Amino acid sequence: MGQDPELLRRLLRAKDRMDGASQEEWPVRRLAEASGTSAAHFARSFKEAFGVPPHRYLLTRRIERAMALLRETDLPITEIAFQTGWNSLGTFGRTFRNVTGDNPAAVREREQATPHQRELVPECLLRAAGRPGLTIAVSEKRRRAEGDTEGPEEMEVL
Amino acid sequence: MSQGIDVVGIYVRDQDEALAFYVGKLGFEVHADMSNGPFRWLTVKHPEQPSFQLGLFTPGPPLHDAATAQTLREMVAKGAMPPLVLMVDDCRAAYKRLQVPGVEFTQEPVERYGRVDAGFRDPSGNGWKLIEG
């Protein structure tokens, strides 16, 4: 059973808005507004359409941008955390590690040392391909990695 | 005659709407518009690229059964179709020009590695990158 294409087109608009400004806060109410749906309806419809909850999708975009900034600039990591939407360096570092399996400084070192053949593929498309996959919640990923059975210690960015 | 790619098609939700967008807003020209029953063969071309046609097709009968057509409509609407790239001389100027008729931009012009790119969608959900050549 499928979803209404008209609804999907509007949900895509909310996804595009997150893509365009992933550093901003995207509470469900704001996303629902961008797609012309009710807040109650939005999260469920989004997940059904795109396979991940909206806040988790936003995390992948933020990490993708952070990775690009690590690779392409010499901005301090604190500044990158701030520019990509985190309020605390600690949360950024922890989430980054949980998603990519490595810490920002190590990723920067590795990425900047690797020569890239990027000329033949449009940069914008290459970036989308470099987006981390996030099939489970960051908190769940962390729990599994640590063998920890306790609940999440903090709310994910919404 | 010359050999090469002649037509590449994309799926759209409504051919009249797509025609208004690609011709009326993007400035493409109609190349072929022929109907045969419920089937309409509609292609447009870029004014500076006469040898290439972009087909604007709708999923549905007689080529697709109802379930397949529904799936294709969903894929298009959620932006799951392959990327499309439009080369322009001046990305920032094109961005300004296309904003006037209300093209839905998903990304404003950004310079990366000395190249400016932007992104927009057609009314159906197909995603285009606008790249400065």
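What you see is a predicted model, and the numbers here were worked out from it, not measured in a lab. By convention in this document, chain letters (A, B, ...) are assigned in the order of the sequence lines, proteins followed by strands, and residues within each chain are numbered from 1.
A salt bridge links Arg9(A) with Glu104(B): at least one charged nitrogen is closer than 4.0 Å to a carboxylate oxygen. Remark: Glu6(A) engages Arg13(B) in a salt bridge, criterion side-chain N to carboxylate O under 4.0 Å.
Within the 4.5 angstrom heavy-atom criterion, only backbone atoms of Ser124(B) (N, CA, C, O) approach chain A. Heavy atoms closer than 4.5 Å to chain A are found in the side chain of Arg112(B), but not in its backbone. For chain A, the nearby part of Lys129(B) is the side chain; its heavy atoms alone come within less than 4.5 Å.
Between Asp19(A) and Gln107(B) the shortest side-chain heavy-atom distance does not fall below 4.5 Å.
Not a single donor-acceptor pair under 3.5 Å links the side chain of Gln3(A) to the backbone N or O of Glu74(B). For Gln70(B) (side chain) and Pro5(A) (main-chain N/O), no donor-acceptor pair under 3.5 Å exists by modelled atom type. Between the side chain of Lys78(B) and the backbone N or O of Leu8(A) there is no donor-acceptor pair closer than 3.5 Å.
Atom CD of Glu33(A) has 12 or fewer neighbouring heavy atoms from other residues, nucleotides or ligands inside a 6.0 Å radius. Under a cut-off of 6.0 angstrom, the local environment of CD in Glu109(A) is sparse, with at most 12 non-hydrogen atoms contributed by other residues, nucleotides or ligands. Heavy atoms from other residues, nucleotides or ligands lying under 6.0 Å from CZ of Phe82(A) number 12 at most. Around atom CD of Glu29(B), more than 12 heavy atoms belonging to other residues, nucleotides or ligands sit under 6.0 Å away. Residue Arg29(A) places its CZ atom among 12 or fewer non-hydrogen atoms of other residues, nucleotides or ligands, all under 6.0 Å distant.
Note on Leu7(A): it clusters hydrophobically with Tyr57(A), by side-chain heavy-atom contacts below 4.5 Å among ILVMFWY residues. Phe57(B) and Val12(B) end up in different hydrophobic clusters when Ile, Leu, Val, Met, Phe, Trp and Tyr side chains are linked at under 4.5 Å. Note on Val23(B): it clusters hydrophobically with Ile10(B), by side-chain heavy-atom contacts below 4.5 Å among ILVMFWY residues.
The choice from Ala68(A), Gly20(A), Ala49(A) that makes the most heavy-atom pairs within less than 4.5 Å of chain B is Ala49(A).
Rounded to the nearest 0.5 angstrom, Lys15(A) NZ and Thr106(B) OG1 are separated by 10.5 Å.
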